[in-house]
Amino acid sequence: MRGLEEEFIPSTPGKFKDKTYYSGNRQLHRCFASTSTMFLWALFLLALTASYLSFQSFMDSGTRYLSSTWGSLHWEKQVRDSAQIHRVNGMSVLVTGAAGFVGSHVSIALKKRGDGVVGIDNFNNYYDPSLKKARKNLLNLQNVFLIEGDINDVHMLAKLFDIVAFTHVMHLAAQAGVRYAMENPKSYVHSNIAGLVTLLEACKNANPQPAIVWASSSSVYGLNEKVPFSESDRTDQPASLYAATKKAGEEITHTYNHIYGLSITGLRFFTVYGPWGRPDMAYFSFTRNILQGKPITVYRGKNRVDLARDFTYIDDIVKGCVGSLDTAGKSTGSGGKKRGPAMFRIFNLGNTSPVTVPMMVAMLEKHLKVKAKKHVLDMPGNGDVPFTHANISLAQKELGYKPTTNLQTGLGKFVRWYLSYYGYRQEKSVK
Ligand SMILES: O=C(O)[C@H]1O[C@H](OP(=O)(O)OP(=O)(O)OC[C@H]2O[C@@H](n3ccc(=O)[nH]c3=O)[C@H](O)[C@@H]2O)[C@H](O)[C@@H](O)[C@H]1O
């Protein structure tokens with residue numbers, strides 16, 4: 001015997017058509033009854049689906065508005081709070097690459113003097129992201145809100161400029177490293193070209209437009225042999241893709257200055273070093289290897305000439321960055337249209353006293369109290385230049401830039417930081 005349920009719910013649709021089983025009105029009636037039952041069930045299922053979907057969307061929007069993912073109300077509040085200015089004539093600065101070496105130092109310096117700062121960083125794994133996370137913790141302690149995001153994210157940038165009228169952008173996000181460009185060329189195009197253009201588009205569309213200070217590089221001088229390097233020297237002979245993308249950045253920013261009235265200051269950094277530095281750089285990786293008793297490779301130039309760099313200490317670079325922000329003229333455009341000529345500047349930020357790589361190693365040995373195991377190799381053709389040497393008179397005049405830390409002192413500070421950060425006890429680990 002069929003149960004009640006079975007009476008009203010046909011097990012298969014085909015049963016409706018089984019004319020031999022039912023006859024006359026009864027068949028018609030059952031058929032009608034079954035159709036309305038099906039209709040009711042369909043209605044029920046439809047309602048169920050609709051309520052499920054609206055529940056989902058409620059949950060989604062709930063998460064969006066309550067969580068810290070970008071675009072949420074909580075996120076917006078964090079951005080606004082962090083951008084808040086706490087001094088007279090202060091600025092609100094969007095710092096890109098804020099979990100990076102220079103970015104974290106500049107963000108903290110600005111925040112400490114009362115400027116509003118919002119950071120953005122994509123936390124890529126070019127080098128140990130845990131160091132970037134540690135820098136993020138430092139920023140948190142100073143109440144700098146750091147967004148995990150990419151400067152190629154058009155919507156996120158638009159949203160940021162929507163919520164905050166940033167007066168300045170300190171653009172430090174980049175794919176760094178001279179030699180890595182041969183391994184991963186696309187990452188340079190992604191960050192240093194595409195990312196730069198995306199950011200400039202957002203700045204150009206912002207109302208008011210912010211003034212932009214950004215990191216170019218000493219590497220733009222490439223094969224230039226005239227010393228010291230002055231801003232007016234030729235920069236059309238880059239020796240690496242990294243240098244070429246930085247040079248392209250200088251041209252691209254010029255275009256945005258020319259067409260849209262964006263105020264632009266490009267800073268050519270000369271081999272920046274110091275506490276919380278980049279593990280891919282020679283002074284950092286040498287320190288690690290020396291402490292671990294591993295060999296280091298010291299490159300040598302043509303005719304056995306030592307390579308040299310105008311190593312520049314991080315605190316001096318921070319002063320140069322802050323000085324650039326303080327002296328930057330306003331952008332003149334609005335609504336994506338230029339309203340008048342805007343400032344366009346390029347400065348060298350170096351130390352003016354190059355030191356050879358073997359001398360730098362000797363200083364590290366002294367601070368670490370360990371002898372390095374050196375392998376000397378001829379410089380491979382991988383984008384390196386034999387020397388750098390900055391003429392900084394323009395930055396001195398316009399920004400009041402005056403580096404005060406020599407390499408010996410700066411490396412001492414770096415080594416102290418390194419030993420404490422990585423938990424070495426100097427008297428135990430070094431012989
Ligand atoms: O001013 C810049 O525009 C750039 O500075 C920095 O580049 P560089 O000056 O090349 O610094 P870095 O790699 O520390 O090599 C230093 C020296 O050590 C030599 N070097 C390097 C590695 C090695 O294993 N052996 C060695 O001898 C090497 O041949 C070189 O002579 C930034 O990384 C770069 O992002 C950019 O900002």
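Numbering of ligands and ligand atoms starts at 1, following listing order. Everything quoted here is computed from the prediction, not taken from an experiment.
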With heavy-atom distances below 4.0 Å as the criterion, list the atoms of ligand 1 near Asp384. 10 (O), 28 (C), 29 (O)
Over 60° means perpendicular and under 30° means parallel, so classify the ring planes of Tyr242 and Tyr188, tilted if in between. perpendicular
On the 0 to 90° scale, with breaks at 30° and 60°, tag the His254-His258 ring pair as parallel, tilted or perpendicular. parallel
Nearest non-hydrogen protein atom, atom 18 (O) of ligand 1: Ala282 CB, 3.5 Å
Nearest to atom 20 (N) of ligand 1, what protein heavy atom do you find, and at what distance? Tyr299 CD1, 3.6 Å
Please determine, by modelled atom types, if His171 and Thr96 share a side-chain donor-acceptor pair under 3.5 angstrom. yes
Would you tell me whether Thr235 and Lys247 have side-chain atoms, one donor and one acceptor, within less than 3.5 Å of each other? yes
Arg179 versus ligand 1: do any nitrogen or oxygen atoms come within less than 3.5 Å of each other? yes
Counting from 1, what ligand 1 atoms have a heavy atom of Val298 closer than 4.0 Å? 27 (O)
Check ligand 1 against Leu307 and write out every atom of the ligand that is under 4.0 Å from a heavy-atom position of the residue. 29 (O), 31 (O)
Are a donor atom and an acceptor atom from the side chains of Tyr221 and Asn348 found within less than 3.5 Å of each other? yes
Run down the list Phe269, Tyr242, Tyr180, Phe387 and name the one with the heavy atom closest to atom 36 (C) of ligand 1. Tyr242
List every atom of ligand 1 that sits less than 4.0 Å from any heavy atom of Thr297, numbering the atoms from 1 in the order shown and giving each element. 23 (C), 24 (O), 25 (N), 26 (C), 27 (O)
Per-residue contact class, Met379 against ligand 1 - non-hydrogen pairs under 4.0 Å: neither
Should Arg300 and Asp306 count as an ion pair when the cut-off is N to O under 4.0 Å? no
Run down the list Met281, Lys246, Arg278 and name the one with the heavy atom closest to atom 35 (O) of ligand 1. Arg278
Regarding atom 17 (C) of ligand 1: of the candidates Asn382, Val361, Val357, Leu349, which has the closest heavy atom? Val357
Would you call Asp81-Lys77 a salt bridge at under 4.0 Å N-O? yes
Among protein heavy atoms, which lies nearest atom 7 (O) of ligand 1, and at what distance? Val178 CG2, 3.8 Å
In terms of side-chain geometry, is the basic nitrogen of Glu231 or Arg268 positioned less than 4.0 Å from the acidic oxygen of its partner? no
With heavy atoms of Thr271 as the reference, note each atom of ligand 1 found under 4.0 Å away. 1 (O), 2 (C), 5 (O), 9 (O), 11 (O)
What atoms of ligand 1 come closer than 4.0 angstrom to any heavy atom of Gly177? 35 (O)
Check this for me, if you would: do Glu76 and Lys159 make a salt bridge, where the nitrogen-to-carboxylate-oxygen distance has to be below 4.0 angstrom? yes
Contact (N/O only, under 3.5 Å) between Phe286 and ligand 1: no
Subset of ligand 1 atoms that lie under 4.0 Å from at least one heavy atom of Phe270: 1 (O)
If you scan protein heavy atoms around atom 2 (C) of ligand 1, the nearest is Ser218 OG, 3.2 Å
Arg345 and Thr327 side chains, donor-acceptor separation under 3.5 Å: yes
Taking the inter-plane angle between the rings of Tyr273 and Tyr283 on a 0 to 90° scale, is it parallel (under 30°), tilted (30 to 60°) or perpendicular (over 60°)? perpendicular
Would you mind checking which non-hydrogen protein atom is closest to atom 3 (O) of ligand 1, with the distance to 0.1 Å? Ser217 OG, 2.3 Å
Using a strict threshold of under 4.0 Å (side-chain N to carboxylate O), is an ion pair present between Lys132 and Asp121? no
Considering only the protein, which heavy-atom contact is closest to atom 8 (P) of ligand 1, and what is its distance? Arg309 NE, 3.7 Å
